[in-house]
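The block underneath contains the structure these notes are about, expressed in structure tokens.
All chains are named by letter (A, B, ...) in the order of the sequence lines, taking the proteins before the strands, and each is independently numbered beginning at 1.
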2 protein chains.
Amino acid sequence: MTDLPIAGLSVRAVTLKDIAAHCGVSLGTVSLALRDDPRISTDTRARVLAAAAELGYDPTLHQAARRLALSKHGRDVLNHVIALIAPSGFHRPGYFAELLHGIMDVLVPAGFCALITYIYSHEDAQETTIPSALRAGIVDGLISMVRPEPVIALLDTLRRQPGFARRPTASLIWEMPGSSCVRADDEGAGYALTRRLLALGHRHFLQLTFLLPYSKTMEPQNYRIAGARRALAEAGLDPDRHLLLADMSNFNWLNPAHIDSDQPELAQVWVGDRVLPLVDVLRAHPAITAIFGLNDASALRAWRLLEGAGYRVPADYSIVGFDDTTPRLDAAGANQLSSARVPLQEIGRAAATLIIEQATAAVPRAPAELVLPVAMAFRGSVGPARG
Amino acid sequence: MTDLPIAGLSVRAVTLKDIAAHCGVSLGTVSLALRDDPRISTDTRARVLAAAAELGYDPTLHQAARRLALSKHGRDVLNHVIALIAPSGFHRPGYFAELLHGIMDVLVPAGFCALITYIYSHEDAQETTIPSALRAGIVDGLISMVRPEPVIALLDTLRRQPGFARRPTASLIWEMPGSSCVRADDEGAGYALTRRLLALGHRHFLQLTFLLPYSKTMEPQNYRIAGARRALAEAGLDPDRHLLLADMSNFNWLNPAHIDSDQPELAQVWVGDRVLPLVDVLRAHPAITAIFGLNDASALRAWRLLEGAGYRVPADYSIVGFDDTTPRLDAAGANQLSSARVPLQEIGRAAATLIIEQATAAVPRAPAELVLPVAMAFRGSVGPARG
DNA sequence: GTGAAAGCGCTAACAA
DNA sequence: TTGTTAGCGCTTTCAC
């Protein structure tokens with residue numbers, strides 16, 4: 001071995017064989033020593049470690065060989081890479097950036113990287129269109145940041161691929177069967193918001209919703225409604241009579257221009273199977289004094305429609321948004337919209353911590369569920385019930 | 001082989017050996033046939049491919065073995081993964097999200113994923129703290145979205161690692177020696193902005209700057225100044241006498257609260273080695289009628305300080321920002337701040353396209369440089385020179 | 001406690 | 001045109 005590498009300038013990467021030759025021991029001994037196998041004497045282990053350091057042995061360079069050898073025994077190798085399923089198109093850059101921020105804050109100091117990919121649709125779950133990196137044994141775990149339906153299909157395929165198999169997976173915001181979940185306490189938030197408004201004398205509420213095709217699953221929207229209903233029931237009020245659902249599906253809350261639009265169609269909501277202007281719904285239910293938005297945009301939209309009809313907030317109606325992402329500023333620049341703040345960064349951090357734990361655990365862990373508290377911000381849009 | 005796998009439900013992954021047995025040919029023949037080697041007859045190749053499809057052979061599952069075998073000949077294997085060096089802390093979420101958006105739009109349809117990691121400081125270039133995924137031969141290329149200094153140090157180490165070596169690298173926004181570069185035409189933008197103001201009768205300009213420790217390199221700021229100087233020289237004006245530089249380094253343009261702050265220190269700028277209020281600088285140079293910000297925040301800050309001193313924009317001073325990220329709205333909700341828009345998404349797209357090309361090229365390509373045009377938005381903050 | 005040897009699945013040189 | 005064989009660097013079983 002005349003071309004023994006000089007540390008840092010290796011033409012050829014240092015191998016176990018080099019260390020073995022350097023120490024005058026066998027290759028197998030080096031392998032065991034580097035992995036702290038108790039069969040190796042303290043003395044030889046020390047010599048091997050010293051030689052490895054001196055020659056500049058880097059185990060990560062030989063992941064391929066290690067993986068190949070271990071595959072014989074069905075074992076795996078950590079790559080320090082976590083897959084992230086991101087929403088294609090970044091519909092809500094802030095939302096996604098906050099989650100990613102939290103995730104990276106945990107992954108990077110732990111020596112992990114995030115492997116970001118998209119899912120475009122259900123079809124992408126086909127074996128052929130799955131990003132090859134997910135099947136190649138590159139990732140040690142997976143975090144989904146999108147609606148679960150397409151990811152469920154994807155995992156269904158990945159689970160039976162030897163390169164992914166039983167690696168830990170987690171879903172953010174939404175629950176996903178078979179995966180860990182880190183989400184906000186939407187039920188608790190709905191409950192707390194309602195309690196507060198009940199304390200202010202409100203008794204009849206309008207809940208704005210977006211009826212999605214998948215809305216049968218327990219998703220955030222439904223948890224919030226469930227929380228509101230619990231608060232009502234606790235107060236001795238029949239939820240079915242005191243919480244009216246109005247669907248805003250024709251209003252695109254991702255389009256800022258929709259909030260202040262004067263288009264008549266965008267003023268319409270569905271109540272049951274009838275469609276009529278939001279203001280008419282309120283006139284038909286004069287006992288309603290408070291409105292829950294599904295997010296800030298829907299709350300602001302309702303506020304705007306009320307203003308257009310000559311109503312005042314909070315004198316005539318109290319209004320609450322959700323997520324605390326879109327403010328409504330008064331003359332002094334202060335936000336007036338009450339809202340509930342989903343702790344996006346914390347959700348990201350918790351999920352990354354969880355996945356790293358599960359990926360590095362000696363024995364496989366069962367999926368876990370983390371529910372993080374939601375902070376309330378009551379501002380000028382909320383006041384005592386009128387009358 | 002009684003446990004031959006059933007497609008899609010494999011206990012054990014299908015190997016070349018399985019295919020060879022199935023076809024009654026040798027293992028080497030299968031290997032060559034699957035890689036379309038001309039030595040194999042059309043007939044056997046067809047049989048091998050059919051068997052591979054029937055048994056559900058997935059080459060990506062055996063990357064480790066392939067990589068190990070190829071390592072003998074110094075060859076590499078594509079993983080369809082591009083590393084992205086992101087700014088830690090997401091100081092400017094919008095900026096980063098736009099770049100990422102463009103990058104992903106190209107990578108994902110091409111079957112690639114992005115491996116995101118941070119660099120915290122120069123120290124991170126130490127071999128031990130480099131994310132192991134970058135050394136393990138996982139990535140096929142690298143795109144840097146941060147200031148180049150720490151990345152240069154990182155690449156200096158990575159280049160001599162067998163797992164990275166000569167893989168293609170690209171830097172966005174900033175030039176980086178030895179790497180491809182995709183950036184905006186800042187020089188052209190500085191030139192075009194100045195030409196426009198010259199046409200409006202302006203002859204003396206104030207350029208706001210941020211004097212960074214690395215500002216000797218040709219970075220965006222310096223390109224913009226160079227463009228402005230070219231326009232002046234072209235108009236027969238001495239750039240040294242017609243473009244005054246005022247440094248705003250004590251103003252933190254990432255802090256929105258700084259823009260409207262009344263703190264006296266935040267009103268100060270450096271001109272040469274003197275520090276004094278921005279407004280005093282303008283009073284001392286009454287010929288100046290137009291101000292170039294280095295970004296929108298610095299332009300808005302100047303605007304605010306002028307307002308505080310009783311000046312009007314654009315009647316007394318014309319003001320131009322850069323990046324077009326932070327608007328200043330008038331009563332009707334229209335943005336008043338003139339700015340130049342760096343095509344962030346396009347930069348991301350171009351860089352991803354470039355890296356994929358270079359990573360998949362049969363022969364190594366030399367680093368390339370792409371300079372994308374910058375669009376101008378002249379709005380209410382710009383008008384004819386006074387007097 | 002340590003050495004020798006088999007093999008993980010693949011590629012490529014060499015034979016036939 | 002195809003078969004045979006020697007590794008790639010590692011882990012692990014089995015002698016000693």
Check ion pair B/Arg35-B/Asp37 (N to O, under 4.0 angstrom): no
For a quick test of reading the model: is some side-chain N or O of B/Arg75 closer than 4.0 Å to OP1 or OP2 of C/dA12? yes
Rounded to whole Å, the CG-P distance (B/Asp58 to C/dG9) equals 14 Å
Any side-chain N or O of B/Ser26 less than 4.0 Å from the OP1 or OP2 oxygen of D/dG3? yes
Specify whether B/Phe112 and B/His80 have parallel, tilted or perpendicular ring planes, treating 30° as the upper limit for parallel and 60° as the lower limit for perpendicular. perpendicular
Apply side-chain contact (heavy atoms from CB on, under 4.5 Å) to the pair B/Phe96 and A/Leu100, showing each step before the final yes or no. CA-CA 12 Å; B/Phe96 171 74; A/Leu100 185 57; 4.2 Å; yes
Between N or O atoms, less than 3.5 Å apart, protein on one side and nucleotides 7-9 of chain D on the other: list the pairs.
from, atom 1, to, atom 2, distance (Å)
D/dG7, N3, B/Lys72, NZ, 3.1
D/dC8, O2, B/Leu68, O, 3.4
D/dC8, O2, B/Ala69, N, 3.1
D/dG9, N2, A/Ala65, O, 3.3

D/dC10 OP1/OP2 closer than 4.0 Å to side-chain N/O of A/Ser31: no
Can you tell me the distance, in whole Å, between the CG atom of B/Asp37 and the P atom of C/dA13? 11 Å
At a cut-off of 3.5 Å, list every protein nitrogen or oxygen paired with a nitrogen or oxygen from nucleotides 14-16 of chain C, distance to 0.1 Å.
none

Rounded to whole angstrom units, what separation is found between the CG atom of B/Leu32 and the C1' atom of D/dT2? 9 Å
Between atom CZ in A/Arg67 and atom P in C/dC10, what is the gap in whole Å? 15 Å
Report yes if the side chains of B/Val139 and B/Asn79 come closer than 4.5 Å at any heavy-atom pair, otherwise no. no
May I have the distance from A/Leu27 (atom CG) to D/dT13 (atom C1'), rounded to whole angstrom? 15 Å
Take the protein atom CD of B/Gln63 and the nucleotide atom P of C/dT11, then report the distance between them rounded to whole Å. 10 Å
Below the 4.0 Å mark, does C/dT2 have OP1 or OP2 next to a side-chain nitrogen or oxygen of A/Thr44? yes
Look at A/Asp76 together with A/Arg167 and state whether they make a salt bridge at an N to O cut-off of under 4.0 Å. yes
Find out whether B/Ile143 and B/Val182 are in side-chain contact, i.e. whether some heavy atom of one side chain is under 4.5 Å from a heavy atom of the other. no
What is the separation between atom CG on B/Asp18 and atom C1' on C/dC8, rounded to the nearest whole Å? 14 Å
Quick one: bend of the helix from C/dG1-D/dC16 to C/dA16-D/dT1 from 5 pairs per end, to 10°? 50°
Give the C-alpha distance, both sets of side-chain angles, the deciding distance and a yes or no for side-chain contact (heavy atoms from CB on, under 4.5 Å) between A/Ile85 and A/Tyr118. CA-CA 6 Å; A/Ile85 310 292; A/Tyr118 288 167; over 6 Å; no
Separation of D/dT12 atom C1' from A/Leu34 atom CG, nearest Å, is 15 Å
